[in-house]
Amino acid sequence: MSLAKIYITLKKTVLDPQGVTVKKALESLGYQGIEDVRVGKYLEIKATGLNTQTIEQMCDRLLANPVIEDYRFEIEEVK
């Protein structure tokens with residue numbers, strides 16, 4: 001059994017309105033020095049037979065929008 005941890009974020013060149021809102025909110029709470037906030041998605045998929053190619057296909061076909069989003073992932077064996 002494998003566990004894939006997938007992190008999806010907007011590409012750096014794409015405006016992240018949620019990130020901007022969170023940054024402003026944190027600053028209004030007194031947290032200073034925040035240069036940037038990017039908001040994204042985190043998914044965990046537990047299944048048998050997961051490998052790099054399978055996860056890339058899942059991300060490219062459904063989980064991420066490759067036009068505006070980047071993704072990275074890690075796969076670990078679990079019991």
Side-chain angles (χ1 to χ4, degrees):
M1 182 74 64
S2 299
L3 174 67
K5 298 178 179 178
I6 305 167
Y7 307 87
I8 301 170
T9 57
L10 290 170
K11 291 184 176 186
K12 291 288 185 191
T13 56
V14 176
L15 177 65
D16 183 352
Q18 277 187 293
V20 171
T21 301
V22 170
K23 179 181 181 289
K24 288 180 182 177
L26 289 170
E27 290 170 341
S28 73
L29 292 172
Y31 297 100
Q32 300 302 314
I34 299 171
E35 186 173 319
D36 190 27
V37 175
R38 304 294 287 182
V39 175
K41 297 180 276 187
Y42 171 72
L43 299 96
E44 288 186 351
I45 298 174
K46 186 186 286 185
T48 56
L50 291 178
N51 58 46
T52 299
Q53 182 180 11
T54 301
I55 298 299
E56 286 177 350
Q57 286 177 349
M58 288 177 173
C59 289
D60 290 339
R61 296 177 71 192
L62 178 70
L63 303 177
N65 179 345
V67 175
I68 61 170
E69 295 176 320
D70 288 325
Y71 64 84
R72 65 182 173 82
F73 59 87
E74 51 198 60
I75 301 171
E76 62 186 57
E77 293 299 315
V78 294
K79 292 183 180 181

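Owing to the predicted nature of the structure, the values given are computational and were not obtained by experimental measurement. For this chain, numbers begin at 1 and follow the sequence in order. The figures that follow rest on heavy atoms only: side chains count, while hydrogens, waters and symmetry mates do not.
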Same cluster (ILVMFWY, side-chain, under 4.5 Å), Y42 and L63 = no
ask   = Any side-chain heavy atom of V37 within less than 4.5 Å of one from E27?
value = no
query = Should the heavy atoms of other residues, nucleotides or ligands under 6.0 Å from CD of E74 be counted, would the total exceed 12?
reply = yes
remark   = Here the ring-ring contact (aromatic ring centres under 6.0 Å, His included) pairs for residues 12-32, sequence neighbours left out, are none
ask   = In the single-linkage hydrophobic clustering (I, L, V, M, F, W, Y; side-chain heavy atoms under 4.5 Å), do V22 and L29 co-cluster?
value = yes
message = Quick check: do I68 and K11 have side-chain heavy atoms less than 4.5 Å from each other?
response = no
request  = Mind checking the CG-OG1 spacing from D16 to T9? Nearest 0.5 Å is all I need.
outcome  = 8.5 Å
ask   = If you measure from NZ on K5 to CD1 on I55, what distance do you get to the nearest 0.5 Å?
value = 13.0 Å
remark   = d(T54 OG1, I75 CD1) to nearest 0.5 Å is 7.5 Å
remark   = Looking only at heavy atoms, the pair that brings Y71 and E56 closest together is OH-O, 3.6 Å
message = If hydrophobic clusters are built by linking Ile, Leu, Val, Met, Phe, Trp and Tyr wherever their side-chain heavy atoms come under 4.5 Å apart, do I8 and L62 end up in the same one?
response = yes
query = Which residues pass the salt bridge (Lys or Arg N to Asp or Glu O under 4.0 Å) test with K41, sequence neighbours left out?
reply = E69
Test item: F73 and L43 side chains (from C-beta on) under 4.5 Å apart, heavy atoms = no
key: CD-CG distance between Q32 and L26, expressed to the nearest 0.5 angstrom   = 10.0 Å
inquiry  = When you measure from the side chain of D60 to the backbone of P66, do you find a donor-acceptor pair of N or O atoms at a distance under 3.5 Å?
reply    = no
request  = Go through the structure and list residues passing salt bridge (Lys or Arg N to Asp or Glu O under 4.0 Å) with E77, not counting sequence neighbours.
outcome  = none
inquiry  = Donor-acceptor pair, distance only, cut-off 3.5 Å: does the side chain of R38 make one with the backbone of L10?
reply    = yes
task = Find out if a path of hydrophobic residues (ILVMFWY) with successive side-chain heavy-atom gaps under 4.5 Å connects I34 to V39.
result = yes
